[in-house]
Structures are given as structure tokens and as C-alpha cells.
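In what follows, a structure is listed as C-alpha cells, so that the remarks can point back to it.
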Amino acid sequence: MRRKRFKILYNILRYTKADRIFLSYLVFVFLDAALIWVLEPTIATYSNALWYCYAVISTAGFGDVTVTAFMPKILSVALTAYSLLVMAIVTGVVVNFYTQMIEVKNKETLSAFLDKLEQLPNLSKEECREFSEQVKKFRAARK
């Protein structure tokens with residue numbers, strides 16, 4: 001079942017192009033950090049620029065690293081906007097994933113019930129009782 005979940009998630013990411021969006025987002029973050037490092041005189045190292053980008057992305061705004069030049073401020077705004085867009089897309093993809101997982105589970109359950117119904121004349125009394133209990137549990141879970 002776990003393998004099936006990953007396959008569905010991968011297919012959703014591929015179908016929605018979210019995998020490309022996420023990869024381009026990561027590239028943007030690293031490039032943005034590099035540009036901020038080069039353009040901002042108060043940021044001495046690339047790791048500080050990455051830390052600053054993390055603070056911008058997470059909206060935590062730690063304040064230990066700040067930018068003062070105009071262009072790094074514009075890059076920070078662009079990073080914030082891009083981050084919000086990517087988070088919205090990721091949220092949509094995850095919700096879609098779980099919705100499809102529920103649909104798959106329901107289809108498998110219904111398919112198993114239909115298979116047993118087709119074999120009903122061939123089932124023993126014990127198997128009929130078990131099947132009846134499964135139907136009752138299924139109904140209770142759907143209420």
C-alpha cells in the first residue's frame with residue numbers, strides 16, 4: 001500500500017508539474033541567496049545569505065541578518081511572493097493526493113465487496129457471516 005501511495009503522489013507531482021515548480025523554486029532560492037550575498041554589503045558569507053533567505057521564506061524574520069540595499073530588498077520581496085505561490089501549490093497537491101488515496105481505498109473496498117457478492121452462492125455459512133460483519137463495519141465507517 002505504501003508503494004502505491006508513493007506512486008500516486010509521484011504521478012500527481014508529475015501530472016501537475018509540481019515537481020518542476022519545486023525544483024525551480026530551489027534553484028531560485030540558491031540564486032537569490034547568491035545575488036543577495038553579492039549585492040548586500042552587510043552579508044559577509046553565502047551561508048549568511050542562505051540563512052537570511054530562510055528567515056524570509058519562513059516569515060520568521062529573526063533579525064540577526066538584514067538587508068539595507070534596494071536590490072536585495074526587491075529580491076526578498078520576490079522570494080516571499082514565490083514562496084507563497086509554491087506553498088499554495090504544494091498544499092493543493094497534498095490535498096489532491098489524500099483525496100485520491102481515499103478514492104482508491106473506497107474503490108478497493110467496494111471491489112472486494114462486489115467480488116464476494118458475485119461468489120455469494122458459493123460461500124459457506126461462516127464466510128457469509130464474516131461478509132455480513134464486514135458490510136456492517138463498512139456501513140458504520142461511512143456514517
Side-chain angles (χ1 to χ4, degrees), residues 1-120 123-124 126-143:
M1 185 69 166
R2 188 174 279 172
R3 179 179 233 170
K4 187 181 276 188
R5 287 180 183 179
F6 283 120
K7 185 176 180 182
I8 291 171
L9 180 59
Y10 173 74
N11 287 335
I12 290 169
L13 290 172
R14 208 179 71 221
Y15 178 74
T16 60
K17 307 286 191 256
D19 57 342
R20 293 179 185 173
I21 292 168
F22 187 70
L23 182 61
S24 67
Y25 176 69
L26 287 177
V27 169
F28 182 80
V29 169
F30 285 105
L31 286 175
D32 199 57
L35 287 171
I36 289 172
W37 176 43
V38 169
L39 297 172
E40 177 57 44
T42 62
I43 296 181
T45 65
Y46 182 70
S47 61
N48 282 349
L50 281 174
W51 179 252
Y52 171 77
C53 286
Y54 168 75
V56 168
I57 291 167
S58 66
T59 67
F62 297 118
D64 57 340
V65 180
T66 58
V67 294
T68 55
F70 177 74
M71 198 60 193
K73 287 180 181 180
I74 296 298
L75 291 168
S76 299
V77 169
L79 180 59
T80 301
Y82 197 9
S83 297
L84 290 172
L85 177 68
V86 169
M87 292 305 133
I89 290 170
V90 167
T91 301
V93 168
V94 169
V95 167
N96 187 23
F97 167 70
Y98 282 110
T99 301
Q100 286 196 10
M101 287 306 305
I102 290 169
E103 286 177 16
V104 165
K105 186 176 179 181
N106 285 341
K107 284 180 183 178
E108 287 175 351
T109 302
L110 289 173
S111 178
F113 283 156
L114 289 174
D115 288 344
K116 285 211 176 177
L117 280 175
E118 287 175 352
Q119 300 299 321
L120 198 57
L123 295 177
S124 68
E126 182 61 32
E127 289 172 324
C128 284
R129 274 192 220 106
E130 287 176 16
F131 181 62
S132 176
E133 289 300 316
Q134 287 176 347
V135 170
K136 288 176 186 175
K137 286 179 185 176
F138 179 75
R139 276 193 155 163
R142 301 209 22 113
K143 288 183 181 182

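For CZ of Phe22, the number of neighbouring non-hydrogen atoms (other residues, nucleotides, ligands) closer than 6.0 Å is 12 at most. The number of heavy-atom neighbours closer than 6.0 Å to OH of Tyr46, taken from other residues, nucleotides and ligands shown, is above 12. Shown here is Met71, whose CE atom has no more than 12 heavy atoms of other residues, nucleotides or ligands within 6.0 Å.
Put simply, the side chain of Lys137 does not reach to within 4.5 Å of the side chain of Gln134, judged on heavy atoms. Residues Trp37 and Pro72 have side chains not in contact (no heavy-atom distance under 4.5 Å, counting atoms from C-beta outward). Inter-residue side-chain proximity for Phe30 and Cys53 is flagged as unmet; no heavy-atom pair is nearer than 4.5 Å.
Between the CG atom of Leu23 and the CZ atom of Phe28 there is a distance of 14.0 Å, given to the nearest 0.5 Å. Between atom CG of residue Leu75 and atom CG of residue Leu35 there is a gap of 5.5 Å, rounded to the nearest 0.5 Å. Separating the CG atom in Leu79 from the CG atom in Leu31 is a distance of 11.5 Å, to the nearest 0.5 Å. Taking OG from Ser47 and OH from Tyr52, the interatomic distance works out to 15.5 Å, rounded to the nearest 0.5 Å. Considering CD1 of Ile43 and OG1 of Thr68, their distance stands at 8.5 Å, rounded to 0.5 Å. Here the straight-line distance linking atom NZ of Lys107 with atom CD of Glu103 works out to 6.0 Å at 0.5 Å rounding.
Glu127 places a side-chain N or O within donor-acceptor distance of the main-chain N or O of Ser124, the cut-off being under 3.5 Å. A donor-acceptor pair under 3.5 Å links the side-chain atoms of Ser58 to the main chain of Tyr54, judged by distance alone.
In terms of heavy-atom proximity, Val65 sits nearest to Trp51 at CG2-CD1, 4.0 Å. The nearest pair of heavy atoms linking Leu39 to Pro41 is O-CD, 3.4 Å.
At a cut-off of 3.5 Å, with distance as the only test, a side-chain donor of Thr42 or Glu40 sits close to an acceptor on the other residue.
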